[in-house]
Amino acid sequence: MASSDIAALKAAWLRICERLKDEVGDVEYRMWIQRITLGALDEDEITLYLPERFLRDWVRAQYGQRLQSLWREESSSVQHVELKIDKKIQRINEQTHRAVERQVEVASTATIGEMAHDDAVALEHDELPAFASNIEMRNDLSVPLDRRFTFDNFVVGKPNEFAYACAGRVADHPASPGFNPLFLYGGVGLGKTHLMHAIGLKLMSRGNISVAYMSAEKFMYRFIASMQSKSQMEFKEQLRSVDVLMIDDLQFLIGKNSTQEEFFHTFNALVDAGRQIIVSADKSPSDLSGLEDRLRTRLGCGMVADIHATTFELRISILEAKAKASGTPVPPKVLEYLAHKITTNVRELEGALNRLIAHADLVGRPVTLESTQDVLKDMLKAHERRVTIDEIQRKVVEHFNIRLTDMSSARRARAVARPRQIAMYLAKQLTSRSLPEIGRKFGNRDHTTVMHAVNRVAELMEQDPGLAESVELLKHMLES
Ligand code: ADP
Ligand code: MG
């Protein structure tokens, strides 16, 4: 295959991954799609690899159809998608998933993903590392912690200050009464994993304490693998010998009863022995229906801390911190724009910023609002939503500090007439309303008045960069 074909294939795969990520969400994406490695195109069949039969079967059952149709959409030369198993191929296409993860330095994510299954299949009795009572990190049990996920790098604001404080407290005084277990919950990409790693890193920096961190998914893999290889006792002993056990994304255990059972026993044994347990999930213990009642009850017994959705202020602070750390200057307008546009998930916010910075470095030009719109076009499309004329009027009125009634009044003073024209222009641009419909919303004005306003604003935007920028900013705020 020519290198240009390979590049095209990789680009297509990247787009497919991005779409799937949007469709299935972060958790599922990481769990399944991220395990897929792109193989080659042979005639009209594309091969995708997974490192294990279990994963392959699952992906085939859950996503086989979708993968096929996405590939067909991408390229007319692909008709079939073949899913195969290959343990060694895993690394080859990591870049794709890195790009999708949109992180500058994702080695750890990849490792986490990989270890989750590699370890599970490799867990043969005699392969287990020698047992040492005071090793810092339980390498045999834990996945490596991401060195970037420190308390220092965590930006604190109203939505996360409580969780942050609890995490800090547990890192300083593990297993203190009232804080065991520590249960962190919140939506995707709001910093649960970051805080858990921060706790682990801080504890380890003091040494002489054994910390095991793993996802609930990995817990399950390990548990199942230990049964298959008849090394359950070792697994149990290992688990019960750590000082601090962290299980991330516990919601994964919903419906997996025997794994829950195992976790429950481990949990009890550790808490009884005065060890610290830290758990994260996407919901509070009481809302995690599908978990056994006794487990839920125990999970809620310590400290339950939620991380709320980010506020605009927090998003700005996070962006400022990350932009500063990158060393590349990013104009405040761009940060505001991003914080308005990407509101759900810090990971995406971070990814968007990283993309901008990488792009600016690559082409050797500074980051601007224009380059931002261009570079993030596809990504921002997903965040677009329908705008109403009422919303437009409200935003414009707010921006120019005039009254809502001025939108429909007959006043012709420039201070109100211009904003009114801008609102009409935006209504034309951002909604599918016709000119007469728009006119009606603006005090029953004639459609020719609307047309005039639209043309006039377009003209002014060319002459007056200041005005153009205001209009653009309003537009972006409305679209976010
Ligand atoms: P979760 O586990 O809740 O899904 P993560 O902890 O993986 O979310 O966070 C997603 C990304 O966003 C990580 O790169 C993390 O460093 C970053 N992040 C989240 N919240 C913050 C914050 N308050 N300050 C700095 N970075 C954050
Ligand atoms: Mg997480």
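Scope of the values below: all heavy atoms of this structure, side chains included, with no hydrogens, waters or symmetry mates. Counting convention: from 1, in listed order, for ligands and their atoms alike.
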- Item | N, O or S of Ser215 under 2.8 Å from the Mg ion (ligand 2) | no
- Query: Between Ile278 and Met196, what is the shortest heavy-atom contact and its length?
  - Reply: O-CE, 3.5 Å
- If we only count heavy atoms from C-beta on, is the Leu250 to Tyr185 side-chain gap below 4.5 Å? no
- Query: Can Lys202 and Asp172 be counted as an ion pair, charged N to O under 4.0 angstrom?
  - Reply: yes
- Check ligand 1 against Lys322 and write out every atom of the ligand that is under 4.0 Å from a heavy-atom position of the residue. 16 (O), 17 (C), 25 (C), 26 (N), 27 (C)
- Numbered atoms and elements of ligand 1 in range of Asn160, under 4.0 angstrom, heavy atoms: 23 (N)
- Task: With side-chain hydrogen bond (donor to acceptor under 3.5 Å, both in side chains) as the test, would you mind laying out the steps for Arg66 and Ser69 before giving the verdict?
- Result: CA-CA 5 Å; Arg66 189 68 192 129; Ser69 61; 3.3 Å; yes
- Closest non-hydrogen atom pair between Val155 and Ser317, with its separation: CG1-CB, 3.6 Å
- Counting each atom of ligand 1 from 1 as listed, which ones have a heavy atom of Val188 under 4.0 Å away? 4 (O)
- Under 3.5 Å, is there a donor-acceptor pair linking the side chains of His265 and Glu261? yes
- Pair Gln373-His476, side-chain donor/acceptor within less than 3.5 Å: yes
- Hey, does Phe149 come in under 3.5 Å of ligand 1, counting only N/O atoms on both sides? no
- Side-chain donor-acceptor contact under 3.5 Å, Thr193 with Asp248: yes
- Query: If we only count N/O pairs under 3.5 Å, is Val156 in contact with ligand 1?
  - Reply: no
- Message: Just to be sure I'm reading this right: ignoring hydrogens, which of Leu349, Val155, Asp249, Thr150 gets closest to atom 24 (N) of ligand 1? Compare them by their nearest heavy atoms.
- Response: Val155
- Item | Pick from Arg148, Arg347, His194, Glu350: the one approaching atom 7 (O) of ligand 1 most closely through a non-hydrogen atom | Arg347
- Message: Can you tell me if His197 contacts ligand 1 (heavy atom of the residue under 4.0 Å from the ligand)?
- Response: no
- Item | Asn153: numbered ligand 1 atoms lying under 4.0 Å from its heavy atoms | 24 (N), 25 (C)
- Task: Give yes if a backbone or side-chain nitrogen or oxygen of Ile318 is under 3.5 Å from a nitrogen or oxygen of ligand 1, and no if not.
- Result: no
- Task: Within a distance under 4.0 Å of any heavy atom of Gly187, pick out the atoms of ligand 1 and give their elements.
- Result: 3 (O)
- Task: Give a yes/no verdict on whether any heavy atom in Gly186 is under 4.0 Å from an atom of ligand 1.
- Result: no
- Message: Less than 4.0 angstrom from a charged side-chain N to a carboxylate O is my criterion; do Arg148 and Glu350 meet it?
- Response: no
